[in-house]
Amino acid sequence: MTDMTDLFGTTPGPSGRETPPRREAQPSRPVQPSRPIEAPRMPTRAPSRTQPLADRLRPKTLEEVRGQDHLLGPEGTLTRMLARGTLSSLILWGGPGCGKTTIARLLAGKANLFYSQISAVFSGVAELRKAFDEADKRQEATGRGTLLFVDEIHRFNRAQQDGFLPYVERGTVVLVGATTENPSFALNAALLSRCQVLVLNRLDDASLEALLRRAEEEVGHRLPLDREARASLRAMADGDGRYLLNMVEQLVVLDPNRALTPKDLAVLLSRRAVLYDRDREEHYNLISALHKSLRGSDPDAGLYWFARMLEGGEDPRYIARRLTRFAAEDVGQADPNALPMAVAAWQTYERLGSPEGELALAQVVVHLATAPKSNAVYMAYKAARKLARETGSLMPPSHILNAPTALMKDIGYGKGYEYDHDSEDAFSGQNYFPEGMERVSLYQPTDRGYEGRIRKLLDIRAAKRASREP
């Protein structure tokens, strides 16, 4: 039988029952080298009626884990790490049901480490101290370290995260944290600098199909689905293997001789909720996708990401605000109608609400995607702000200053000002920058859309202005 010791020092008996805890070895007693352990397991027992299918099908080896070949394949990151005989502290970042907990358990066995698990949802400082103390004692008694798996590690606050640092640094524990949140935002820099972040993929269609076959082998018959319904079932899981197997449990009790259609599935099962948090990373990922699709002049992709945000529960007012920003930043003077149209769609939504008002926003999405693009105004604005900071408090030239008093007239305010409406084409060509400051060209219009007309006009005016210079 595989040699294995769990968190509390117990070992499975021959029939799967736990034997009483062994007393910790004294530090002075010679320690017998332990045999490698394959993986920490719960005591062996026959599957119960209440044991979820996802738990019964949990992989027993790293080779059985699906969908993470970039980590566990022949050239995978973890495969190479284990081949070198080292295992650094890790942060496993991925969505629900992609195998984070399973991988952590199996890594402990491969690396010959004790396995300890806590959840940040239910644990506090006391539980952390207990886990570290027990890891210290095991290391002192056996010379072997502990893999401490922390589920939902992002739920620990910054001070609690700092508590891991000394134990990770001296090797008392190999920390493996699991998170569904972007570690860059959820974890502090000190902890991240001591861990390697590994991104786990959502399970692809092939991996989900492999899970379905394993489930069918476990229950002893095929699922009552036609080909289209089987594909629909995988789509409903949305990359979550655990959710897929939970749905399978509802199907295996049905008549295997009946072939369900996608329409039947929609009645029997609920689709997995779209992964979307309005104040977290997915929120910013999707608005970025929408923004860049519009910038790339792709109305179809723009409508898709717009719909994804709505389906995820995003506030349409937020989308309206970002579309208005896009009209000013990325369309600009190439289509001067884009900005008032975006504002009008925003106002339309405010008046009509959902779902009628969302159509106006969809119209703006299409208009912005198909409009000519120019960020010339945006770039000119940024350059003007930079120039304003650099030039300090230079006064405007005296000829464009008003002179409401005699004293101001006497010192030259307004002297030499030319009223542009009296000039040919209502353009005098005078200088309006501070005296002594060289003229700077900030706005560089493109030749796209309406901005092409503006460019020609500015070129004509630049030539007239140059003709006035001495």
Side-chain angles (χ1 to χ4, degrees), residues 62 65 68 70-73 75-96 98-136 138-140 143-202 277 279-285 288:
L62 289 172
V65 176
Q68 311 301 336
H70 63 299
L71 301 179
L72 300 171
E75 298 300 321
T77 304
L78 289 174
T79 302
R80 294 197 304 269
M81 195 180 293
L82 292 170
R84 293 193 299 266
T86 60
L87 182 64
S88 61
S89 289
L90 307 169
I91 301 297
L92 304 180
W93 174 28
C98 64
K100 299 184 292 295
T101 303
T102 296
I103 289 174
R105 282 181 171 274
L106 297 175
L107 282 176
K110 283 286 187 180
N112 198 24
L113 298 170
F114 291 101
Y115 180 79
S116 177
Q117 177 175 343
I118 60 175
S119 171
V121 177
F122 302 109
S123 303
V125 174
E127 288 79 9
L128 282 175
R129 286 176 178 167
K130 179 181 178 182
F132 293 141
D133 289 344
E134 290 173 342
D136 261 330
R138 284 193 294 268
Q139 187 175 51
E140 184 179 1
R144 285 166 52 195
T146 295
L147 186 150
L148 176 60
F149 176 64
V150 183
D151 198 16
E152 304 286 340
I153 191 171
H154 60 274
R155 294 185 181 272
F156 278 133
N157 62 38
R158 302 285 171 166
Q160 290 170 322
Q161 291 177 29
D162 285 338
F164 290 102
L165 303 182
Y167 298 94
V168 171
E169 287 176 345
R170 66 173 180 255
T172 303
V173 298
V174 174
L175 174 65
V176 178
T179 179
T180 56
E181 303 292 335
N182 188 329
S184 300
F185 305 141
L187 303 179
N188 64 31
L191 184 58
L192 283 177
S193 70
R194 292 160 174 83
C195 300
Q196 185 171 348
V197 177
L198 301 180
V199 180
L200 276 69
N201 297 328
R202 62 192 297 277
D277 289 306
D279 60 346
R280 297 188 180 175
E281 192 205 8
E282 196 67 16
H283 163 83
Y284 298 105
N285 286 346
S288 176

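Side-chain atoms are counted along with the backbone in the values below, which use heavy atoms only and exclude waters and symmetry mates. Here the structure is a predicted model, which means the values were calculated and not measured.
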| message | Are Val65 and Leu71 packed together at the side-chain level, in the sense that at least one heavy-atom pair is separated by less than 4.5 angstrom? | response | no

| Does any non-hydrogen side-chain atom of Leu128 lie less than 4.5 Å from one of Phe164? | yes

| request: Apply side-chain contact (heavy atoms from CB on, under 4.5 Å) to the pair Val173 and Leu113, showing each step before the final yes or no. | output: CA-CA 9 Å; Val173 298; Leu113 298 170; over 6 Å; no

| remark: Hits for side chain to side chain contact (heavy atoms under 4.5 Å, CB included) against Thr79, two or more places apart or cross-chain, chain-then-number order -> none

| CD of Glu75: more than 12 outside heavy atoms within 6.0 angstrom? | no

| request: Could you walk me through whether Leu62 and Leu78 pass the side-chain contact (heavy atoms from CB on, under 4.5 Å) test, one step at a time? | output: CA-CA 10 Å; Leu62 289 172; Leu78 289 174; over 6 Å; no

| Is the charged tip of Arg105 near the ring of Phe149: under 6.0 Å from the six-membered ring centre and within 45° of its axis? | no

| query | How many angstroms lie between CZ in Arg194 and OH in Tyr167, if you round to the nearest 0.5 Å? | reply | 14.5 Å

| field | side chain to side chain contact (heavy atoms under 4.5 Å, CB included) partners for Glu127, two or more places apart | value | Ser123

| task | Start with the C-alpha distance between Leu187 and Glu181, add both sets of side-chain angles, then the distance that settles side-chain contact (heavy atoms from CB on, under 4.5 Å), and finish with yes or no. | result | CA-CA 9 Å; Leu187 303 179; Glu181 303 292 335; over 6 Å; no

| remark: Here the pair of heavy atoms bringing Lys100 nearest to Gly94 is NZ-O, 3.1 Å

| remark: By side chain to side chain contact (heavy atoms under 4.5 Å, CB included), Asn201 pairs with (sequence neighbours left out) Gln68, His70

| message | Does Val121 form a side-chain contact (heavy atoms from CB on, under 4.5 Å) with Asp151? I'd like the steps, not just the answer. | response | CA-CA 8 Å; Val121 177; Asp151 198 16; over 6 Å; no

| Nearest heavy-atom neighbours spanning Leu192 and Pro183 | CD1-O, 3.5 Å

